[in-house]
Amino acid sequence: VGFTACFRLLKKGGVQVFMFLALAVGICIVQDAVGSGLAAAFGLNPLLGLCMGSMPLVGGHGTSGSFGPLLEQEYAVVGATTVALASATYGLVSGSMMGGPIARARVEKHHLKSTAAEEGNAVDEVASPIDGQKFTTAAVFLAVAIGVGTFIFAFFKSIGLTFPTYIGAMLAAAAIRNIWDVQHKDLPMEEVDALGGLSLNLFLAMAMMSLKLWQLAALALPMIVILLVQTVVMFLYANFLDYEAAAMTTAFCGFGMGATPNAMANMRALVERYGPAPRAFFIVPLVGSLFVDFFNSMVLTTFMNLL
């Protein structure tokens with residue numbers, strides 16, 4: 001996540017990218033406020049509400065698997081990991097189910113049309129083959145980020161801030177990425193992504209194997225209510241007007257409740273019926289894949305320390 005935080009690309013995307021990112025950060029704050037507030041109303045630990053907020057909904061299974069154990073170990077929040085991972089699964093399903101109908105309703109209500117000149121404007125990038133030497137270089141970059149990150153984590157912990165250990169490595173990786181960009185040097189990003197994907201899959205497999213689903217029994221009613229409220233909040237939050245914005249609306253529901261692949265699938269379903277939306281296909285992956293997890297981690301850390 002840290003290595004993908006390229007602020008040069010963020011600037012290149014223009015004002016609309018910043019606006020979309022601001023909306024994404026906004027939904028993180030709203031989801032965490034709703035989750036912690038409703039958890040407190042049910043007599044639960046407000047920190048457990050974060051496990052039904054942006055942690056699983058914007059962050060998905062990866063963020064849930066990182067922050068959940070931290071809440072259990074540092075704050076004694078019983079069942080945090082199980083609740084977060086279950087909520088993340090709900091988010092994947094609901095994000096896909098609500099995105100399409102919302103965008104379709106807005107397109108038809110306001111008679112929106114695609115203004116793209118040709119059908120080939122929205123094309124997928126083709127990944128290049130992974131290079132063995134670059135793979136080794138990527139592993140070294142990751143190791144350096146992890147090593148430097150332990151010192152960053154130790155510093156913040158010494159001043160009383162609590163967050164998952166990966167945050168330090170994420171900040172170190174972001175610094176390395178942007179220093180390299182300033183010097184016009186290339187990082188082996190495809191190899192970094194491959195190593196990151198492998199690590200995430202192993203991590204999630206271990207997290208899923210350790211789930212204690214019986215811990216959800218006593219939380220069934222609060223979880224159902226809170227997640228349904230979060231769905232309504234997402235529905236109300238996603239409210240835009242022109243055709244490209246309608247495409248971003250369906251995408252916003254995808255990664256606001258689930259993950260960026262949900263967002264892309266929602267947009268593809270829309271453009272197959274109503275026409276291409278090249279601007280949306282540039283902005284959504286840029287924000288959803290590169291920046292939203294970075295800022296969501298900061299929002300979650302802030303809420304954890306405030307609560």
Side-chain angles (χ1 to χ4, degrees), residues 1-13 17 58-70 85 88 92 122-154 163-210 254-255 258-265 268 281-298:
V1 172
F3 275 117
T4 59
C6 174
F7 293 102
R8 173 178 53 82
L9 287 178
L10 186 62
K11 182 179 178 181
K12 182 180 177 181
V17 174
V58 172
H61 289 82
T63 304
S64 299
S66 297
F67 276 89
L70 175 69
L85 291 173
L92 287 174
V123 295
D124 295 330
E125 293 184 3
V126 178
S128 60
I130 289 178
D131 181 271
Q133 181 59 48
K134 288 184 178 180
F135 200 83
T136 304
T137 304
V140 172
F141 271 110
L142 285 167
V144 170
I146 293 168
V148 174
T150 59
F151 292 103
I152 297 174
F153 173 77
F163 48 75
T165 53
Y166 84 84
I167 296 292
M170 183 181 75
L171 294 173
I176 293 171
R177 170 65 189 267
N178 288 280
I179 290 171
W180 251 246
D181 282 344
V182 168
Q183 296 179 346
H184 303 290
K185 295 180 179 179
D186 292 328
L187 283 171
M189 286 309 303
E190 296 213 12
E191 287 73 18
V192 167
D193 288 340
L195 281 169
L198 173 63
S199 301
L200 179 61
N201 287 332
L202 291 172
F203 174 74
L204 290 177
M206 291 185 287
M208 290 292 190
M209 282 167 33
S210 63
F255 80 73
T260 302
N262 292 59
M264 302 306 292
R268 285 194 179 96
F281 270 82
F282 172 74
I283 293 174
V284 170
L286 188 62
V287 174
S289 297
L290 304 188
F291 293 103
V292 72
D293 284 338
F294 185 88
F295 286 98
N296 186 33
S297 297
M298 300 296 101

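For reference, positions follow the sequence shown, starting with 1.
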Novice: Only distances under 3.5 Å count here; give the side-chain donor-acceptor pairs of residues 143-150 to other protein atoms, sequence neighbours excluded, each with its distance to 0.1 Å.
Specialist:
| residue | atom | partner | partner atom | Å |
| --- | --- | --- | --- | --- |
| Thr150 | OG1 | Gly147 | O | 2.5 |

Novice: Can you measure from CG (Asp181) to CG (Asp186) and round to the nearest 0.5 angstrom?
Specialist: 8.5 Å
Novice: Distance check, rounded to the nearest 0.5 Å: Thr63 atom OG1 versus Leu85 atom CG?
Specialist: 10.5 Å
Novice: Where is the tightest heavy-atom contact between Ala138 and Glu191, given as atom of each residue plus distance?
Specialist: CB-CB, 3.7 Å
Novice: According to side chain to side chain contact (heavy atoms under 4.5 Å, CB included), who are the partners of Leu187, at least two apart in sequence or on a separate chain?
Specialist: Phe3, Phe141, Arg177, Trp180, Met189
Novice: Calculate, to the nearest 0.5 Å, the distance between atoms CE and CD1 belonging to Met170 and Ile152 respectively.
Specialist: 10.0 Å
